[in-house]
Asker: 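The structure's right below; bear with me while I get my questions together.
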Amino acid sequence: MSAPVERRAFYDRLAARSAAPLWEVLAQLVTPEPRSPCRPHRWRYAEMRELLMEAGRLVTAKEAERRVLILENPGMPGEARITTSLYAGLQLVLPGEVAPAHRHSQSALRFVLESEGAHTTVDGERIPMWPGDFIITPQHAWHDHGNETSAPVIWLDGLDIPIVKALDASFAEHWPEDEQPVTRPVGHSRDHFARGLVPVDWKRSGAASPVVHYPYAEAREALARVAATDEPDPCLGIRMRYVDPTSGDWAMPTIGPFLQWMPAGFESAPYRSTDATVYVAFEGRGRTRVGEVEFDWEPKDVFVVPSWWPVQHVVAEEAVLFGFSDRPVQEKLGLFRERRGNR
Ligand code: GTQ
């Protein structure tokens, strides 16, 4: 080929025509394995809680609209991403506060860390929040959060913000008042869809599960009973995913949430998957190695494992991890891969 100077001049002429030479970038675009800017990281709950309380003194929930500390992946600072495809944050609503009603294209999950009965309202259904509860705010569902108790409520938000951003499909609007009217009784979505019965002529309208509340008490009992009979998977322990009971598919179209139980003394076999995963250590204590990075965790610490990094857990005290990833998207696109063991 021609001399580098000649090429450079050619590239400049291409750039002036909004074009570029593929051969200079092909190897970075089409990699033999996932190569992510995402880094493994752990956020200590004790530290983040202090910062959140400080935020509580600096800004009201109403003023902020959502008083949230974004958990930003250290490999992608300023991008509001915890993985390349997902967003996570810690949200605080103080006693007496309301986070005003709005709705948007982005889907949200809530995993409750601290609460003594605060609530979120989703499309007219008021949902009491208790520690460990998993709650869905489907895309375009009106939602406001409130706290009529005397204790702060803190939860982990997981949203598909980067996915919606990549697709340029974001719409949002505000409800005219702080709170939407409550039009449905407590337990409405569970009564209609979570008990093995659905109204005979019901037809799915949204993309998410019609069940919006998955209380921890029930999930924890299921885990315990399954763990009593089933052999833990060498890599994943007893991992169970949250589903839409009307379809058996993941509970959300873009985010795949799960619970993972591991007994004391469990040392998981190496595992890697293409879905970068956010974990909350909800019960127990242990350590996790992600490639060369290693961190310990205790209740309510959050950590993230990037795509295709090998992960291994060592469990000191019987543990329940909550987790979520973009696995439903990858499965539907035929991109999901996992690998067990040391290959
Ligand atoms: O609670 O509606 O963490 O709209 C980010 C955006 C929470 C929410 C977030 C949101 C919300």
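When a ligand or atom number is given, it counts from 1 through the structure's own listing order. Because the structure is predicted, anything quoted here is derived from the model rather than measured.
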Asker: Could you tell me which atoms of ligand 1, counted from 1 in the order shown, lie closer than 4.0 angstrom to a heavy atom of Val68?
Answerer: 3 (O)
Asker: Any idea which protein heavy atom is nearest atom 5 (C) of ligand 1, and the distance to it?
Answerer: Tyr87 OH, 3.5 Å
Asker: Starting from atom 8 (C) of ligand 1, locate the nearest protein heavy atom and write down its residue, its atom name and how far away it is, to 0.1 Å.
Answerer: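 Going atom by atom, the protein heavy atom closest to atom 8 (C) of ligand 1 ends up being Arg66 NE, 2.9 Å.
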Asker: Before accepting this row, confirm whether a basic side-chain N of the pair Arg184/Glu125 lies closer than 4.0 Å to the acidic partner's carboxylate O.
Answerer: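 Salt bridge absent between Arg184 and Glu125.
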Asker: Evaluate the ring planes of His41 and Trp43, with Trp represented by its six-membered ring, and classify them as parallel (under 30°), tilted (30 to 60°) or perpendicular (over 60°).
Answerer: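 The arrangement is perpendicular - the two ring planes meet at more than 60°.
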Asker: I'd like to check which ligand 1 atoms, numbered from 1 as shown, lie under 4.0 Å from a non-hydrogen atom of His145.
Answerer: 1 (O), 8 (C)
Asker: Heavy-atom pairs closer than 4.0 Å: do any link ligand 1 to the side chain of Arg67, the backbone, both, or neither?
Answerer: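 No part of Arg67 comes within reach of ligand 1.
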Asker: Can you classify the ring geometry of Trp297 versus Phe303 as parallel (below 30°), tilted (30 to 60°) or perpendicular (above 60°)?
Answerer: parallel
Asker: Who's the nearest protein heavy-atom neighbour of atom 7 (C) of ligand 1, and how far?
Answerer: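 Nearest neighbour among protein heavy atoms for atom 7 (C) of ligand 1, to 0.1 Å: Asp157 OD2, 3.3 Å.
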Asker: Should Glu65 be listed as contacting ligand 1, given a heavy-atom distance under 4.0 Å as the test?
Answerer: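 Checking ligand 1 against Glu65, which is what was asked, there is no heavy-atom contact under 4.0 Å.
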Asker: Please verify the inter-ring angle class for His102 with His104; under 30° counts as parallel, over 60° as perpendicular, anything in between as tilted.
Answerer: perpendicular
Asker: Going by the order shown, which atoms of ligand 1 are within less than 4.0 Å of some heavy atom of Leu159?
Answerer: 3 (O), 5 (C), 6 (C), 9 (C)
Asker: So, Lys332 and Asp249, do they make that salt bridge, N to O below 4.0 Å?
Answerer: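 Looking at Asp249 together with Lys332, the answer is yes, because their closest N to O distance falls below 4.0 Å.
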Asker: Take the angle between the ring planes of Phe111 and Tyr216 and call it parallel below 30°, perpendicular above 60°, tilted in between.
Answerer: perpendicular
Asker: Taking only heavy atoms of Gln91 into account, list the atoms of ligand 1 that are under 4.0 Å away from them.
Answerer: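 Near Gln91, meaning under 4.0 Å from one of its heavy atoms, ligand 1 has 1 (O), 7 (C).
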Asker: Just jot down the ligand 1 atoms closer than 4.0 angstrom to any heavy atom of His102, in number order.
Answerer: 2 (O), 4 (O), 8 (C)
Asker: Give me the residue, atom name and distance of the protein heavy atom closest to atom 4 (O) of ligand 1.
Answerer: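 So the nearest neighbour among protein heavy atoms is His104 NE2, 2.9 Å.
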Asker: Looking at Arg190 and Glu218, is any side-chain nitrogen of the basic one under 4.0 Å from a carboxylate oxygen of the acidic one?
Answerer: yes
